[in-house]
*Asks:* 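Before I ask anything, here is the structure I am working with.
Computed from a prediction, not measured in an experiment: that's the story for all the values here. Both ligands and their constituent atoms are indexed starting at 1 by order of listing. Starting from 1, each residue takes its place in the sequence as its number.
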Amino acid sequence: MAPYSPPTAGRAGKLRLDFNENTVGCSPRVVEYLKEHLAASDLAVYPEYAETRNALAAFLGIAADELLLTNGTDEAIQVLMNTYVDDGDDVLLLRPSYAMYRFYAELAGASIREVDYRPLDLAFPLDELLQAIRPTTRAVLLANPNNPTGTGVSLRGIEQILDRASHAAVLVDEAYFDFSHVTAIGLVRERPNLFVSRTFSKVYGMAAMRCGCLVSQSENIEFLHKAQSPYSVNALAAIALRAAVRDTAYVDSYVKEVLAARELLYEGFRKLGIRYYPSEANFVLFCAGDRAVLLRDELRTRGVLVRDRSYEIAGCVRVTVGTREQVRRFLDELEELW
Ligand SMILES: Cc1ncc(COP(=O)(O)O)c(C=O)c1O
């Protein structure tokens, strides 16, 4: 396996437009709530999850036994793989997509096949994916919207995948749901092969806490639970999550800001004559040609972090959309370098 070492070092103090995080931080109410629960006696006990699970289930409109709390989406993917995929099993992924699908599929010993996003517009390759599903396919993992393409698949498309892969575990990773508002959670009760993941690392601004969840039918959750270590979500993450789902106004206003900033970013790209791929999430891929790596490095020396993706989509760089002020700063630097 190739190691997966994301460039997370030396980011402090820079404009972080490289990991699709919330660029201003989590709700202040989360921090206050955490402080209230920081007594020595709180930290001395193993985590209890019932209150958090109930709060999150109510927030998502599901029953508590349809939910698995996880240490970020990454653990959700890992537990799903450990539960359903054995050595040599056929696993279908899309390319390019979130690196951890391949990572955990490889760890599980899966035989991996990948379907490419459409080269012209990076649209979801629904027909190609449907054709690639075999009777032996054990799992299909997709992100909606997808990272790094920013493109999504409709609920109708997801239903077609679920029909065709009725014998496989289908993961729909909704890490960027808050920007697209397309969710498959409403399908879970009628679809026994569907697993939907959510994370608090992105719009909620809690990447450091490592919390996420999987939603599926209760029988599936019971199986997944068996393959999960009992305390993988730490108590502070579980506490923070309760406060996070209460402060929906904070997330709503951040999403509004990002959507306005994304328009500003598109406008800036157009002005500079830079090609970009319209996105349903809080990041945008743009084409820097053979200067992609150099541009990433030059922006870094000016204190602005972006991600080079040219190794998977020729010439492309991914920039996270923050606030309008942050996007203006990025565009100013870009204009000088372009
Ligand atoms: C599609 C997708 N899923 C999940 C994650 C990470 O989620 P978590 O921090 O919850 O493990 C990312 C982060 O980049 C992502 O792009």
*Asks:* Determine the interplanar angle of the Phe200 and Tyr204 rings, folded into 0 to 90°, and report it as parallel if under 30°, tilted if 30 to 60°, perpendicular if over 60°.
*Replies:*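 Phe200 vs Tyr204 ring planes: tilted.
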*Asks:* Going by atom type alone, with no hydrogens or angles, which donor-acceptor pairs under 3.5 Å involve a side-chain atom of residues 260-270 and a protein atom two or more places apart or on another chain?
*Replies:*
from	atom 1	to	atom 2	distance (Å)
Arg262	NH1	Ser279	O	3.0
Arg262	NH1	Ala281	O	3.0
Tyr266	OH	Ser279	N	2.8
Tyr266	OH	Ser279	O	3.4
Arg270	NH1	Tyr276	OH	2.7

*Asks:* Considering only heavy atoms of Gly72, which atoms of ligand 1 have at least one such atom less than 4.0 Å away?
*Replies:*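 Matching atoms, with element in brackets: 10 (O), 11 (O).
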*Asks:* What protein heavy atom sits nearest atom 10 (O) of ligand 1, and how far away is it?
*Replies:*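 Result: Thr199 OG1, 2.5 Å.
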*Asks:* Can you report which non-hydrogen protein atom sits closest to atom 15 (C) of ligand 1, along with the distance?
*Replies:*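 That would be Tyr176 OH, 3.5 Å.
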*Asks:* So, does Lys202 sit close enough to ligand 1 that a heavy atom of it is under 4.0 Å from the ligand?
*Replies:*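 A heavy atom of Lys202 does come that close to ligand 1.
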*Asks:* Out of all atoms in ligand 1, which are within 4.0 Å of some heavy atom of Ala175? Include the element for each.
*Replies:*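 That gives atoms 2 (C), 3 (N), 4 (C) of ligand 1.
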*Asks:* Is it true that Arg11 and Glu21 make a salt bridge, defined as a side-chain N closer than 4.0 Å to a carboxylate O?
*Replies:*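 Glu21 and Arg11: salt-bridged.
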*Asks:* Looking only at protein heavy atoms, which one is nearest to atom 11 (O) of ligand 1, and what is the separation?
*Replies:*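 Residue, atom and distance for the closest contact: Arg210 NH2, 2.7 Å.
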*Asks:* I'd like to check which ligand 1 atoms, numbered from 1 as shown, lie under 4.0 Å from a non-hydrogen atom of Asn147.
*Replies:*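 What qualifies from ligand 1 is 14 (O), 15 (C), 16 (O).
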*Asks:* Specify the protein heavy atom at minimum distance from atom 9 (O) of ligand 1: its residue, its atom name, and the distance to 0.1 Å.
*Replies:*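 Ranked first by proximity to atom 9 (O) of ligand 1 is Ser201 OG, 2.6 Å.
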*Asks:* Around atom OH of Tyr46, are there more than 12 heavy atoms of other residues, nucleotides or ligands at under 6.0 Å?
*Replies:*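 No, the 6.0 Å shell around OH holds no more than 12 heavy atoms from other groups.
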*Asks:* Salt bridge or not between Asp116 and Arg95? Use side-chain N to carboxylate O under 4.0 Å.
*Replies:*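 Yes, Asp116 and Arg95 are salt-bridged.
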*Asks:* Which of parallel (below 30°), tilted (30 to 60°) and perpendicular (above 60°) describes His37 and Tyr33?
*Replies:*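 His37 and Tyr33: tilted rings.
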*Asks:* May I ask you to decide whether Glu222 forms a salt bridge with Lys226, counting only side-chain N to carboxylate O separations under 4.0 Å?
*Replies:*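 Salt bridge absent between Glu222 and Lys226.
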*Asks:* Do Tyr176 and Phe283 make the cut of ring centroids closer than 6.0 angstrom?
*Replies:*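 Ring-ring flag for Tyr176/Phe283: true, centres closer than 6.0 Å.
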*Asks:* With heavy atoms of Ala143 as the reference, note each atom of ligand 1 found under 4.0 Å away.
*Replies:*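 Answer for ligand 1: 1 (C).
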*Asks:* Considering distance alone, does some N or O of Thr73 sit under 3.5 Å from an N or O of ligand 1?
*Replies:*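 Such a contact does occur with ligand 1.
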*Asks:* Going by heavy atoms, is Met100 under 4.0 Å from ligand 1?
*Replies:*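 No, Met100 has no heavy atom closer than 4.0 Å to ligand 1.
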*Asks:* Considering non-hydrogen atoms of the protein only, which is the closest contact for atom 3 (N) of ligand 1, and what is the distance?
*Replies:*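 Checked against all protein heavy atoms, atom 3 (N) of ligand 1 sits closest to Asp173 OD2, 2.6 Å.
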*Asks:* Does Phe200 have a non-hydrogen atom less than 4.0 Å from ligand 1?
*Replies:*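 Per 4.0 Å heavy-atom rule, Phe200 does not contact ligand 1.
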*Asks:* Any ion pair linking Arg210 and Glu75 (charged N to carboxylate O, less than 4.0 Å)?
*Replies:*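 No, this pair does not count.
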*Asks:* For the 3.5 Å polar cut-off, considering only N or O atoms, please tell me whether Tyr98 and ligand 1 meet it.
*Replies:*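 In this structure, Tyr98 places no N or O atom under 3.5 Å from an N or O of ligand 1.
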